[in-house]
K.L.:
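Input: one structure, supplied below.
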Amino acid sequence: MDQQRESSTFGMWLFLVTEIMFFGGLFCAYLVYRATYYQAFVEGSQTMNIWLGATNTAVLICSSLSMALGVRCAQTDNRKMMVILLIITMLFGAAFLGIKAIEYHEHWTHHQFPGPNFSFPEAEEAGINPQNVQIYFSLYWAMTGLHALHMVIGIGLVLWITIVGARGLYSADYYAPVENVGLYWHFVDLVWIYLFPLLYLISKKHGG
Amino acid sequence: MATAVQTVERETYLNNGYTLKSWLLTKDHKRIAILYLISITGMFFVGGFFAMLIRLELLTPAGDLVSSDTYNKLFTMHGIAMVFFFLIPSVPAVLGNFVIPLMVGAKDLAFPRINLLSWYLYIVGALFALVSMMMGGVDTGWTFYTPFSTTYSNTHVVGTALGVFIAGFSSIFTGLNFIVTIHRMRAPGLTWARLPLFCWSNYAASIIMVLGTPVIAITILLVALERLLHIGVFNPALGGDPLLFQHLFWFYSHPAVYIMILPGMGVISEVVTCFSRKRVFGYEFVALASIAIAVLGFLVWAHHMFVAGISVYAALVFSLLSYLVAIPSAVKIFNWTATLFKGSVRYDTPMLYAFGFIGLFTIGGLTGVFLASLGVDVHVTDTYFVVAHFHYVMVGGMVLAYMAGLHFWWPKMTGKLYPEGWAKLSALFVFVGFNLTFFPQFILGYMGMPRRYHAYPPEFQVLNVLSTAGASVLAVGYVLPMIYFTWSLRYGEDAGPNPWNAVGLEWMTPSPPPTHNFDETPVVTWEAYDYEHQPEEVPVGH
Amino acid sequence: MASEEHRQHVIPSGIYVGIWAILMMLTGLTVFVSFIELHDWNIVLALVIATIKATLVVLFFMHLFYSSKLTKVTVIAAIFFLFLLLALSMTDYLTRSWLTNPFH
């Protein structure tokens, strides 16, 4: 059983390697365009709400704590606490998505979604090409959107192991699925740890 | 010789359940390999059909068979079917899936259900691509360059791109499965230094699959988003950079060619050693060269962009790195040749294909080095010189290796021998047809005939006619195996467990193998390719 | 086989809570620093702090610190290849403006 657990965990790490490269392509695009259109990126990021972003960062860090403690409970045959901690993890995840939805709504109603309806009057005032700001927003929506999609999948995975775990099918001898879902969850947290400073904290031009 | 009448047939993976469900829901790596064999053969003929139309059009200088728009669709769909749905999965998903667990002495791969998922993803991806083709196809080139693919093309880009996206995950899961299997499921005594080179090569290719494929996946996603939502990440009219697409695309697509060739090289290692009855010369160097190719292959992608508008200083860096990547491939060619020296060489069909590989891959590889030179590349890029180069390595190399592997392991997979005479004739058709098709293209390219054009100046016609004639001969070489392999299933001679008298765990189990592969887990006490201690016998049926 | 040391070891909860506390503090720090105008150093500092946070998550929450060498090499390989994608792409973008002889 042990060899199988180690194999499945190694398999999950390999999958996370593919996820690193998957998001990595977007980070490459971000790097290239930030270097080319820095001022436009500054302007675009002024519309980000730092406090919501920071709160979301904190929410995810808390969810990682509850997840890690939940895995630990699986390792130590503590079924009841494991289920509680996994439910807490899901609640944190849902909170993240809720805050993100609020932010998305804000941006949407201000026509800050790329495409034919995009409009960014502040750019003209600052003497910047609004098309370049649109690229910032394209990356913002693509990167946070892909991240949010991974969060939704993550909550689904945690729900699955919560249900299976509540039925008592995990033990100190067999907890690999819990550990592997934990790895996936922490990875999603990791991506956000980089997204937050890169998208929200570019420059406090107008003093917050 | 009288034996008791056996009323109970020996259990093999083939007779362990005859229902469609037992095949479509199988977790047996051997059955999954057969499922892949059937599907990729289908996609090969789809790609071949488009190739046939291309060569028919190019018989005459005028663009008279099809319109230029249709011609664009033909070469695009030929490329997509061949690259994504034939070349990349062929050796790993068919031969690798079947043979690797046997070679390491395991019951199956590390994750059998993910293996089945891999096949289903391939099928779904292929269906997306096929439906798009039937609804009118795609005309962007298999390279999907922007902003044509994102903004100006009026064809089914998103459907086809999604098919490629899904098939990419098939590739990722196969690679992931191989890496974990080779690391963790080797039989007792099977150290890395005793591992067959076929495993080393597939391992190296799997590293590329896992690291590279996700990048093209995200790139395709961005193309789809740009096409559907007009976001402008790659569109210069909206401030985007089309070269960013090319950087991201080629970051995968160059290493992809090593995903294709490395498993093929693995087959050649196995075949050359068996039919020279000699240990591979410089085993460690061949193993490490596979890893070196995988790593170096990631450092060279912008040599596809020398004239696209990248900075000339970046071009210099990539040119230098591209020269480097040729070295480990050359090491392998030297080592295979040295293996033949003073070996006891037999000219069975797999070996004939291996000889073809060594010669044709050398030509293809060397012309790649010509292309790595900036000055030469400016002259021949986007001409038939490039087309000839990659067909020499992909068809002369990779497809010949796949044929070698199919013939080598067919007795193991089916328990039957194919008819040797027809197989040798077929190999001759392939070799002659291939060279007649593609050698003229080197000359055409050097003389200036551009690629992806359906019409050309009349002075190029003779060479084009030769090329089309060659393609017809080549086609015969591809159709014949379809016939005799199928024939062999019913009428072929029984192969026995080791018709080639080869060294390797896969030959120490019956042909076809039982579902669980080995009755007892083997313990390995010999070095790889220990032909010195393998008694020489004339194989059955020859 | 008895289930005694099936895992390297179980990490005490205190470690997890401690890591969590450090992560929260670093988050606060990165927000605080972003309000101070440090020009080019802002992005450097932000990325350094993010990398420290990421390292802590990977090493302790994801147990990489206690994992096999193979797993550690796998993660480092992924980061290395991502770095290659970014760095080699930038050799193009950073040098495009060098259209004339830079030693002019």
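Chain letters run A, B, ... following the sequence lines, proteins first, then strands; residues in each count from 1.
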K.L.:
Measuring heavy-atom distances to chain A, does C/T51 have an atom under 4.5 Å in its side chain, in its backbone, in both, or in neither?
P.N.:
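The answer is both parts of C/T51.
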K.L.:
Taking C-beta and beyond as the side chain, do A/H186 and C/V58 meet within less than 4.5 Å on heavy atoms?
P.N.:
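No - every pair of side-chain heavy atoms lies 4.5 Å or more apart.
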K.L.:
Output the option from C/T30, C/L70, C/N42, C/V75 having the highest count of non-hydrogen pairs under 4.5 Å with chain A.
P.N.:
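Top count of heavy-atom pairs under 4.5 Å with chain A: C/L70.
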K.L.:
What part of A/F196 gets closer than 4.5 Å to chain C, counting heavy atoms only: side chain, backbone, both or neither?
P.N.:
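Only the side chain of A/F196 comes within 4.5 Å of chain C.
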K.L.:
Examine whether an atom of A/T9 lies under 4.5 Å from a heavy atom of chain C, and if so say whether it belongs to the side chain, the backbone or both; otherwise answer neither.
P.N.:
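Looking at A/T9, nothing touches chain C.
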K.L.:
Just by modelled atom types, is the C/I11 backbone N or O under 3.5 Å from a matching donor or acceptor in the A/R72 side chain?
P.N.:
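Yes; at least one donor-acceptor contact below 3.5 Å.
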K.L.:
Do other residues, nucleotides or ligands put more than 12 heavy atoms under 6.0 Å from the OH atom of A/Y38?
P.N.:
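Correct, the count exceeds 12.
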K.L.:
Find out whether A/W51 and C/V31 are in side-chain contact, i.e. whether some heavy atom of one side chain is under 4.5 Å from a heavy atom of the other.
P.N.:
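Sidechains of C/V31 and A/W51: in contact.
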K.L.:
Rounded to the nearest 0.5 Å, what separates atom OG1 in C/T71 from atom CD in A/E6?
P.N.:
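Between atom OG1 of C/T71 and atom CD of A/E6 there are 8.0 Å.
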K.L.:
Out of C/F60, C/Y93, C/F61, which one racks up the most heavy-atom pairs below 4.5 Å with chain A?
P.N.:
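Among the listed options, the one with the most contacts to chain A is C/F61.
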K.L.:
Checking C/T74 against chain A: side chain, backbone, both or neither under 4.5 Å from a heavy atom?
P.N.:
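Looking at C/T74, backbone and side chain both touch chain A.
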K.L.:
I need the contact set between residues 52-70 of chain A and chain C: heavy-atom distance under 4.5 Å, sorted by residue number.
P.N.:
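Within residues 52-70 of chain A, the residues that come under 4.5 Å of chain C (heavy atoms only) are A/A54, A/T57, A/A58, A/I61, A/C62, A/S64, A/L65, A/A68, A/L69.
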K.L.:
Report which part of C/F81 has an atom under 4.5 Å of a heavy atom belonging to chain A: side chain, backbone, both, or neither.
P.N.:
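Interface part for C/F81: both.
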K.L.:
With a 4.5 angstrom heavy-atom cut-off, which part of C/M90 approaches chain A: side chain, backbone, both or neither?
P.N.:
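The side chain, not the backbone.
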K.L.:
Working to the nearest 0.5 Å, report the span between CG of C/L85 and SG of A/C28.
P.N.:
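Answer for the CG-SG pair, C/L85 versus A/C28, is 4.0 Å.
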K.L.:
Please assess C/V57 against A/F187 for the test side-chain contact (heavy atoms from CB on, under 4.5 Å), listing each intermediate value before the final yes or no.
P.N.:
CA-CA 9 Å; C/V57 169; A/F187 173 76; over 6 Å; no
K.L.:
Would a 4.5 Å heavy-atom cut-off, applied to side chains only, mark C/H63 and A/L183 as touching?
P.N.:
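No - every pair of side-chain heavy atoms lies 4.5 Å or more apart.
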K.L.:
For a 4.5 angstrom cut-off between non-hydrogen side-chain atoms, does C/L47 reach A/Y194?
P.N.:
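Of all side-chain heavy-atom pairs linking A/Y194 with C/L47, at least one is under 4.5 Å.
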K.L.:
Mind checking the OG-CD1 spacing from C/S34 to A/I202? Nearest 0.5 Å is all I need.
P.N.:
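That separation rounds to 11.5 Å.
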K.L.:
Taking the side chain as every heavy atom from C-beta outward, state whether A/F23 and C/L82 have any atom pair closer than 4.5 Å.
P.N.:
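No, side chains not in contact.
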K.L.:
Hey, does A/I193 have a side-chain heavy atom less than 4.5 Å from the side chain of C/T27?
P.N.:
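Contact flag for C/T27/A/I193 side chains = no.
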K.L.:
Side chain from CB out, backbone as N, CA, C, O: work out which of these in C/Y16 comes under 4.5 Å of a heavy atom of chain A, or both, or neither.
P.N.:
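C/Y16 touches chain A through backbone and side-chain heavy atoms alike.
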K.L.:
Measuring from C/S68:OG to A/W13:CH2, what's the distance to the nearest 0.5 Å?
P.N.:
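The distance works out to 10.0 Å.
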